[in-house]
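Residues: numbered from 1 along the sequence shown.
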Amino acid sequence: MFIGMKPILAVILFLLFYGSSVHGQIGGKYAYQFLDLSATSRITGMGGNMIAFRDDDPGSASDNPSLLQQNMDRTAVLSYMNYFDGINQGFASYTFHKEIGTFNTAIKYLDYGQFREADAGNNELGTFSANEVALIGGYGRQIDSSFSVGANVKFIYSNYYLLNSVGLALDLSATYELKKSLFLATMVIKNIGSEIKPYVPGERHSLPFDIQFGISKSFNKMPFRFSLVMHQLGKGRLTYPPLEQNTGSTFGEEEVDRSQSTAENILRHFIIGTEFIPFKGLNFQIAYNFQRRKEMAYSELPKTVGLSWGLGLKISKFRFNYARSSYHLAGSPNHITVLTRFDDWAKK
């Protein structure tokens with residue numbers, strides 16, 4: 001195992017340390033950033049990333065299609081999140097297995113709500129809406145007892161009133177699992193693609209491209225599963241660029257911090273989490289997202305920003321999951337997911 005892991009770890013370390021000397025800010029310049037929102041509540045409970053968890057929950061396949069496997073056959077997932085200030089997200093998927101592999105079809109929808117339209121004289125003209133949607137087709141295949149691969153194809157449509165865009169994206173992933181050791185390692189390359197039709201002709205925006213690596217470890221005699229995910233491995237400092245000196249370097253009344261240690265920047269790439277499973281049919285998640293904490297916490301009153309938690313419960317033929325993630329003092333979105341496997345409904 002360790003010999004096979006050495007090349008992967010070498011690549012990870014190179015990306016982290018090389019990236020720390022390169023400015024690669026991740027906010028404010030990408031199209032379709034709704035793709036980064038958690039598709040299901042269990043993912044939310046794990047800090048927004050669950051690429052290193054494999055079981056019979058196909059919700060994780062929205063981010064890592066190489067996790068798709070036969071025991072997810074004929075499973076449907078419905079998920080809803082009330083984001084912020086009238087913004088709502090919906091997600092639905094269906095997974096089925098064939099001899100050539102496991103397939104997943106999904107839709108991810110973000111509704112920004114209704115807006116008042118007025119002219120320059122503040123005369124009301126009506127209302128308008130904005131929304132984004134991604135149609136996702138996924139495929140995963142087990143190569144041997146330890147190694148699996150997968151891919152997601154995403155057709156994306158974005159509507160901002162008079163501006164709209166169409167795009168295409170691809171996710172590629174590979175997973176290595178040692179079942180006897182209860183260890184899993186995975187790598188995902190997300191959102192390879194571009195706008196096919198940009199919002200403004202001739203002005204194409206990049207997609208939220210991401211390289212992620214994750215590991216998880218479970219234990220035979222303890223009901224815990226630990227996860228460590230590294231994200232944005234292809235980017236450098238995960239901060240916004242400092243303002244030029246002649247601008248005063250201020251944001252509101254606070255001066256922009258120009259310094260950031262290499263160690264702090266490396267930590268921003270990490271999401272750590274654990275799942276507690278006291279018995280089959282009940283689970284709890286808790287996680288910490290370093291990047292979210294650094295970006296969103298108010299310095300005078302940081303509270304629990306960066307932390308997330310969730311719980312899952314199986315009742316009859318349904319599995320219910322609920323999660324909250326602390327983004328800001330403004331509040332924490334509620335995220336609920338329902339899963340059912342149609343084979344459970346078959347008459348015995």
Side-chain angles (χ1 to χ4, degrees), residues 31-44 46 48-51 53-81 88-111 131-143 148-159 165-175 186 188-196 207-208 210 212 312 317-321 335-346:
Y32 319 136
Q33 290 196 275
F34 80 105
L35 295 174
D36 287 337
L37 293 177
S38 303
T40 69
S41 53
R42 196 162 168 225
I43 298 174
T44 294
M46 289 301 299
N49 197 304
M50 202 178 72
I51 62 171
F53 275 18
R54 166 177 274 168
D55 47 31
D56 59 351
D57 181 354
S60 56
S62 63
D63 291 324
N64 184 357
S66 63
L67 297 178
L68 288 167
Q69 56 183 356
Q70 187 172 354
N71 65 352
M72 300 174 181
D73 185 39
R74 301 185 67 205
T75 300
V77 178
L78 291 174
S79 190
Y80 168 77
M81 176 173 63
N88 297 280
Q89 176 188 272
F91 175 82
S93 76
Y94 180 73
T95 303
F96 58 96
H97 181 78
K98 299 294 183 181
E99 290 185 4
I100 60 173
T102 306
F103 296 83
N104 175 269
T105 59
I107 181 170
K108 190 174 189 179
Y109 180 77
L110 189 69
D111 179 19
N131 50 70
E132 296 182 288
V133 62
L135 302 177
I136 306 170
Y139 172 75
R141 181 176 177 83
Q142 196 77 31
I143 304 301
S148 60
V149 296
N152 282 332
V153 177
K154 307 173 186 177
F155 177 80
I156 309 154
Y157 174 73
S158 177
N159 169 44
S165 172
V166 176
L168 194 64
L170 174 69
D171 299 341
L172 298 173
S173 65
T175 296
T186 188
V188 182
I189 304 175
K190 295 180 63 178
N191 300 323
I192 307 166
S194 68
E195 288 182 285
I196 299 173
L207 272 61
D210 194 2
Q212 301 177 349
K317 299 175 180 63
F318 293 95
R319 280 178 286 169
F320 299 90
N321 293 286
H335 202 162
I336 187 168
T337 303
V338 181
L339 296 85
T340 189
R341 189 179 183 192
F342 289 105
D343 285 351
D344 294 340
W345 296 83

TODO: Just do the side chain to side chain contact (heavy atoms under 4.5 Å, CB included) check on Phe91 and Leu78 with the steps written out, would you?
DONE: CA-CA 6 Å; Phe91 175 82; Leu78 291 174; over 6 Å; no
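- The side chain to side chain contact (heavy atoms under 4.5 Å, CB included) check on Ser60 picks up Met50, Leu67, with sequence neighbours excluded.
- Here Arg42 pairs with Asp55 in a salt bridge; the nearest charged N to carboxylate O distance falls below 4.0 Å.
- Applying the side chain to side chain donor-acceptor pair (under 3.5 Å) criterion to Asn104, with sequence neighbours excluded, gives Thr95.
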TODO: For side chain to side chain contact (heavy atoms under 4.5 Å, CB included), just list the numbers for Phe34 and Asp36, CA-CA rounded to whole Å, side-chain angles, deciding distance to a tenth of an Å, and then say yes or no.
DONE: CA-CA 5 Å; Phe34 80 105; Asp36 287 337; over 6 Å; no
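- Annotation: side chain of Val77 is in contact with side chain of Thr40 (closest heavy-atom distance under 4.5 Å).
- Judged by distance alone, the side chain of Ser158 and the main-chain N or O of Glu132 form no donor-acceptor pair under 3.5 Å.
- At a threshold of 4.5 Å between non-hydrogen side-chain atoms, the residues Lys154 and Asp171 count as touching.
- Rounded to the nearest 0.5 angstrom, Ile136 CD1 and Ser62 OG are separated by 6.5 Å.
- A heavy-atom distance below 4.5 Å is not found between the side chains of Asn191 and Asp210.
- Among pairs with a residue in residues 58-80, those fulfilling salt bridge (Lys or Arg N to Asp or Glu O under 4.0 Å) read Asp63-Lys190, Arg74-Asp343, at least two apart in sequence or across chains.
- Separating the NE2 atom in His97 from the OG1 atom in Thr75 is a distance of 12.5 Å, to the nearest 0.5 Å.
- Going from atom CG of Leu68 over to atom CD of Gln142 covers 10.5 Å, rounded to the nearest 0.5 Å.
- Of the inter-residue distances, the one linking Arg341 atom CZ with Asn71 atom CG reads 6.5 Å to the nearest 0.5 angstrom.
- Of all heavy-atom pairs between Thr340 and Lys317, the closest is OG1-O, 2.9 Å.
- With hydrogens and angles disregarded, a donor-acceptor distance shorter than 3.5 Å links the side chain of Tyr32 to the backbone of Val166.
- Checked by atom type, the side-chain pair Ser165/Glu195 shows a donor-acceptor distance below 3.5 Å.
- Residues passing the side chain to side chain contact (heavy atoms under 4.5 Å, CB included) test with Tyr109 are Asp111, Asn131, Val133, sequence neighbours excluded.
- Within the structure, the salt bridge (Lys or Arg N to Asp or Glu O under 4.0 Å) test picks out no pair touching residues 90-108 (sequence neighbours left out).
- Annotation: the span from Leu207 atom CG to Leu35 atom CG amounts to 6.5 Å, rounded to 0.5 Å.
- Summarising the geometry of Gly150 relative to Pro65, their closest heavy-atom pair is C-CG, 3.5 Å, with the distance given to 0.1 Å.
- Two residues are said to be in side-chain contact when any heavy atoms from C-beta on lie closer than 4.5 Å; Phe53 and Met46 meet this criterion.
- The side chain to side chain donor-acceptor pair (under 3.5 Å) search around Arg141 returns none, not counting sequence neighbours.
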TODO: Start with the C-alpha distance between Arg319 and Asp56, add both sets of side-chain angles, then the distance that settles side chain to side chain contact (heavy atoms under 4.5 Å, CB included), and finish with yes or no.
DONE: CA-CA 11 Å; Arg319 280 178 286 169; Asp56 59 351; 3.0 Å; yes
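- Residues meeting the side chain to side chain contact (heavy atoms under 4.5 Å, CB included) test with Ile192, sequence neighbours left out: Leu170, Leu172, Ile189, Phe209.
- Nearest approach of Gly138 to Asn152, heavy atoms of both residues: CA-OD1, 3.1 Å.
- Qualifying side chain to side chain donor-acceptor pair (under 3.5 Å) partners for Ser66, counting only residues two or more places apart in sequence or in other chains: Asn64, Ser173, Thr175.
- Taking Phe318 as the reference, Trp345 meet the ring pair (Phe, Tyr, Trp, His ring centres under 6.0 Å) condition, with sequence neighbours excluded.
- Contact annotation: the side chain of Val153 approaches that of Leu168 to within less than 4.5 Å [non-hydrogen atoms, C-beta and beyond].
- With sequence neighbours left out, Ser38 forms a side chain to side chain contact (heavy atoms under 4.5 Å, CB included) with Ile43, Thr44, His335.
- A donor-acceptor contact closer than 3.5 angstrom is absent between the side chains of Thr186 and Arg54.
- Here the side chain of Thr337 pairs a donor or acceptor atom with the backbone of Ser41 at under 3.5 angstrom.
- When the side chain to side chain donor-acceptor pair (under 3.5 Å) test is applied to Tyr80, the partners found at least two apart in sequence or on another chain are Asn88.
- Phe103 meets the ring pair (Phe, Tyr, Trp, His ring centres under 6.0 Å) test with Phe96, Tyr139; sequence neighbours excluded.
- For the 3.5 Å distance criterion, the side chains of Gln212 and Asn49 qualify, holding a donor opposite an acceptor.
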